[in-house]
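Structure first, commentary second.
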Amino acid sequence: MANLEEFRIPQYEGCGIYAIVNSQKMNCYIGSSKNIKLRAINHKAHLKKGKHHNKLLQKDFENGNSFRFIILCKLDSNIDNDLLIAYEKMYMISAMDNYFELYNLLPKTQWNNQRSWIIQHIIYYFMNNYKISENLISAFEAEYETTPAYMHNRKPENR
């Protein structure tokens, strides 16, 4: 069982993006919450009970790895949930670009596919909320030779 001494609960009760970083490996879990302190308490409790929703994180914890809880970004508590998720996805890309393997996602060998998936979620947010032009969709289709996954269920008139 891992030592949770390094997994300190932050006092910040606001909204933001956080990481649970494995102190022995280049692995981390990126998340977002409207109440970071409460989310950290929940993660820590679930790890202790052996019931964390992320099985890989739980396995590393049970194998004795130590973890740190780090706040990556504090955000306004009135932030739109979709924008909060878009920020989370951008931090995931940043972590991957810095050679972290994410517990949230697939192994390193599939990073390009993960980047595509994350970028699609970010595009989806901005397309729906800021009515970005169809040029963005065309650029995506040209780059990845596919229609963004989020568009498969959209009606043709919305395209």
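Only heavy atoms go into these numbers, but all of them, side chains included; no hydrogens, no water, no symmetry mates.
- Remark: N98 CG to M26 CE distance equals 7.5 Å, nearest 0.5 Å.
- The residue from Y18, F69, F61 that alone fulfils the ring pair (Phe, Tyr, Trp, His ring centres under 6.0 Å) condition with F7 is F69.
- Residues satisfying the salt bridge (charged side-chain N to carboxylate O under 4.0 Å, His left out) test with K74, not counting sequence neighbours, are none.
- To the nearest 0.5 Å, the span separating CD1 on I93 from CD1 on I30 amounts to 11.5 Å.
- In terms of the salt bridge (charged side-chain N to carboxylate O under 4.0 Å, His left out) criterion, residue partners of K37 (sequence neighbours excluded) are, by chain and number, E13.
- Under the side chain to side chain contact (heavy atoms under 4.5 Å, CB included) criterion, D76 pairs with N78, not counting sequence neighbours.
- Every residue two or more places apart in sequence or in another chain that forms a side chain to side chain contact (heavy atoms under 4.5 Å, CB included) with K49 is listed here: K51.
- Under the side chain to side chain donor-acceptor pair (under 3.5 Å) criterion, S23 pairs with E6, sequence neighbours left out.
- Within the 4.5 Å cutoff, side-chain heavy atoms of I17 are placed close to those of L75.
- Atom OG in S94 sits 9.5 Å away from atom CZ in F100 (nearest 0.5 Å).
- Note that the CZ atom of R8 and the CD1 atom of I70 stand 11.0 Å from one another [nearest 0.5 Å].
- Residues that satisfy the side chain to side chain donor-acceptor pair (under 3.5 Å) test with Y29, not counting sequence neighbours, are H53.
- From E88, atom CD reaches atom OG of S32 across 3.5 Å, with rounding to the nearest 0.5 Å.
- Within the 4.5 Å cutoff, the side chain of N22 has no heavy atoms near those of the C28 side chain.
- Legend: salt bridge (Lys or Arg N to Asp or Glu O under 4.0 Å) pairs involving residues 19-29, not counting sequence neighbours, sorted by first then second residue: K25-D60.
- Criterion: ILVMFWY side-chain heavy atoms under 4.5 Å apart, direct or through other members. Under it, L47 and L38 are not part of a common hydrophobic cluster.
- Between the side chain of N104 and the main chain of G31, no donor-acceptor pair closer than 3.5 Å is present.
- In terms of heavy atoms, I36 sits closest to C15 at CG1-C, 4.2 Å.
- Remark: side-chain polar atoms of Q24 are paired, donor with acceptor, to backbone N or O of S66 under 3.5 angstrom.
- Scanning for side chain to side chain donor-acceptor pair (under 3.5 Å) contacts around K34 gives an empty result, with sequence neighbours left out.
- Interatomic distance, M90 CE to L72 CG, rounded to the nearest 0.5 Å: 13.0 Å.
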